[in-house]
Amino acid sequence: MQVTNIPVFKEWVPEWLARLVIFGILLTSLLGFGLYSGNAESAIGYYGMEPTDVLYSVVVMYGAGVGFFGLDYRFVKNLSPRKYILVGIALDFITYAVCFYTKNIGVFMVCRFGQGIACALLCSVVLNLIFPRLHVTRSRAIGYTVFYGGLQTSLPIAAIYCTTMLHYFDFQWLFYGLCIMMIPALVLVLVTMNAHARFQKKVPLYQVDWIGYLFYAVFCCVFGFICVYGQQLNWLDSPLIRVFSGIGVVILGLFIVRETRIKRPLFDLGVFGYPLVVAGFFLLISFYVFKGTSSLAYTHIQVVLGVDPLHLIPVWIANIAGIILAMFVTARFVLKGKSLIGIIISGFVVLGIFYVYMLTIVSVTGTTGQFMLPMMIHGAACGILFIPIVFFTVSAAPPKLAYNVSMLGIFFRFVGFCLSISINNYSQLYSRGVIREKFRESLNEMNPQLGQTVGRIREVYSVFGNDPHAGSGGASAYFDQLVRTQIITCSIRDYYNGMLVGLVVLILVLLLMAGIRRGWLR
């Protein structure tokens, strides 16, 4: 892949140290994505934001990274790897330092956008560093496994980091810790990498589609805004959502027109002329929609069972173990030439097992240990699905369009991520509303069990020496909390039921597609 005789790493650098540097770059670039997973309340309290604002900050970072990937290949051809990495680390360092000192929400969102760009350029360099170090017949399978394995595990790893830090320090020290973690990576890059090594021949930055990039990045942020805030603002009943929807449609139209007319577009939209590529994009969206249900498991553990985030660490570790084990086993199957559709169907079946398992254990009582096995199963499903879907999508187009398919695949993963947020918000609000009405119908004075239950709770409070007024108030508060946890639990069960039905339909469609394809080949 290199076009010069100068190696990327200096001659004295052993292979284990080179791999350590690559892993360090990948870790520093991905930690920012999951910075608030499992600890959103801390960000809400520190910045004075709504929960949707915290969620949108993740979408902004994701959207910025997705948009920058379209320009990335031009910068890779212009800058040396070491310089490119230093730019990314510097951008991350500056934005994290600003987040450490500011509580302004607007500044915070701008910094998140910058962190998304830094993450994109660092991830690009990591991919270019991994592939040449592997045998040509194994580079794609193993390279994608390492890279996307890091991407999948970044959320639980970041959650463990945040939980541990917040147990001992205030919220802003999260950013200070990230800055400290970048220093060893920066030193290793400066010491081990050659300044003049290149992946490709240097190409000047001319005819760069900056306007197309602007359209693309803005559309990602607008689409994410609609998905995150749509339910809260009541969708098209809100003037703001209508305005953003109109802006999104106009920007998307301008982007498509521009990309089909200029000489060097961000993407060759001709990839949509290949039906299997479109099917691969649909699978990527579906994967992220069904994968996003894991957040409800963590919500149930923390809100309903009242478990402190620090005690969630074993659950996150189980999820990481499932991802790593499944991805490397799946990579072996891919290398042996097993059917990609067969592997994908198997992955969705494993995800269905996770749904069934969750339906059996989701209740108002339970322990953290009960969730370790299902979250490992969830991680295994993600590990099984990711690489085959990526391979299926990329291999469905001619080699000359493979890069465009990869970049658009990143966009459709972003679409799936945003849609999972939107579906989750809508279904949870709708389900809780329906369940609340059912509870209201049954919890009335005509129901003899209501008086008996409240009476027993008051007796328990009176045992501890409370006066009648305080005991009555405490009993009412406890009963309200009990009803609330029941509503949340029932809504989570309804959501998993709905996702299970949708997953069964998807598996049947894939089985039908596989049968049609086998018949056509025969």
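Values below: every heavy atom of this structure, side chains too, minus hydrogens, waters and symmetry copies. Quick caveat, the model's predicted, so the values are computed rather than measured.
Under a 3.5 Å cut-off, the side chain of Thr95 and the backbone N or O of Asp92 do form a donor-acceptor pair. Remark: side-chain polar atoms of Ser346 are paired, donor with acceptor, to backbone N or O of Gly342 under 3.5 angstrom. Side chain of Asp170 to main chain of Gln172: no donor-acceptor pair is present (N/O by atom type, distance under 3.5 Å, no hydrogens or angles). Side chain of His300 to main chain of Leu305: no donor-acceptor pair is present (N/O by atom type, distance under 3.5 Å, no hydrogens or angles). Without hydrogens or angle criteria, Thr330 side chain to Ala326 main chain gives a donor-acceptor distance under 3.5 Å. No donor-acceptor distance shorter than 3.5 angstrom exists from the side chain of Ser238 to the backbone of Asn234, with no hydrogens or angles considered. Under the 3.5 Å distance criterion, the side-chain polar atoms of Asn319 are left unmatched by any main-chain donor or acceptor of Met376. A donor-acceptor distance shorter than 3.5 angstrom exists from the side chain of Arg493 to the backbone of Leu359, with no hydrogens or angles considered. In this structure a side-chain-to-backbone donor-acceptor pair under 3.5 Å is missing from Asn425 to Ser422. At distances below 3.5 Å, at least one donor-acceptor pair connects side-chain atoms of Tyr355 with backbone N or O atoms of Phe290.
Shown are Phe171, Phe175, Tyr176; of these, the ring pair (Phe, Tyr, Trp, His ring centres under 6.0 Å) with Trp173 is made only by Tyr176.
The structure places CG of Leu178 at 12.0 Å from CZ of Phe100, a figure rounded to the nearest 0.5 Å. Between the SG atom of Cys382 and the CD1 atom of Ile377 there is a distance of 12.0 Å, given to the nearest 0.5 Å. Distance CG/Leu506 to CG/Leu351: 10.0 Å, rounded to 0.5 Å. The distance from atom CZ of Phe392 to atom CG of Leu284, rounded to the nearest 0.5 Å, is 10.0 Å.
Contact annotation: the side chain of Thr163 never approaches that of Leu312 to less than 4.5 Å [non-hydrogen atoms, C-beta and beyond]. Counting heavy atoms from C-beta on, the side chains of Phe417 and Val58 come closer than 4.5 Å. Inter-residue side-chain proximity for Gln115 and Cys99 is flagged as met; some heavy-atom pair is nearer than 4.5 Å. Side-chain contact between Phe223 and Leu252: absent, with no pair of heavy atoms (C-beta onward) separated by less than 4.5 Å.
Ring-plane geometry between Trp316 and Tyr298 is classed as tilted, the angle between the planes lying from 30 to 60 degrees on a 0 to 90 degree scale.
With sequence neighbours excluded, the residues that form a ring pair (Phe, Tyr, Trp, His ring centres under 6.0 Å) with Phe414 are Tyr62. Here Met407 pairs with Phe69, Phe267, Tyr403, Ile410 under the side-chain contact (heavy atoms from CB on, under 4.5 Å) rule; sequence neighbours left out. Ser363 pairs by the side-chain contact (heavy atoms from CB on, under 4.5 Å) definition with Thr365, not counting sequence neighbours.
Salt-bridge formation is not detected for the pair Asp237/Arg242: no Lys NZ or Arg NE/NH1/NH2 atom is positioned less than 4.0 Å from an Asp or Glu carboxylate oxygen.
In this structure, the ring of Phe411 has its center less than 6.0 angstrom from the ring center of Tyr216. With ring centers used as reference points, Tyr56 lies under 6.0 Å from Tyr229. Close placement of the Phe272 and Phe281 rings is indicated, their centers lying within 6.0 Å of each other.
Shown here for Val66 and Cys220, the closest heavy-atom pair between the two residues is CG1-SG, 4.1 Å.
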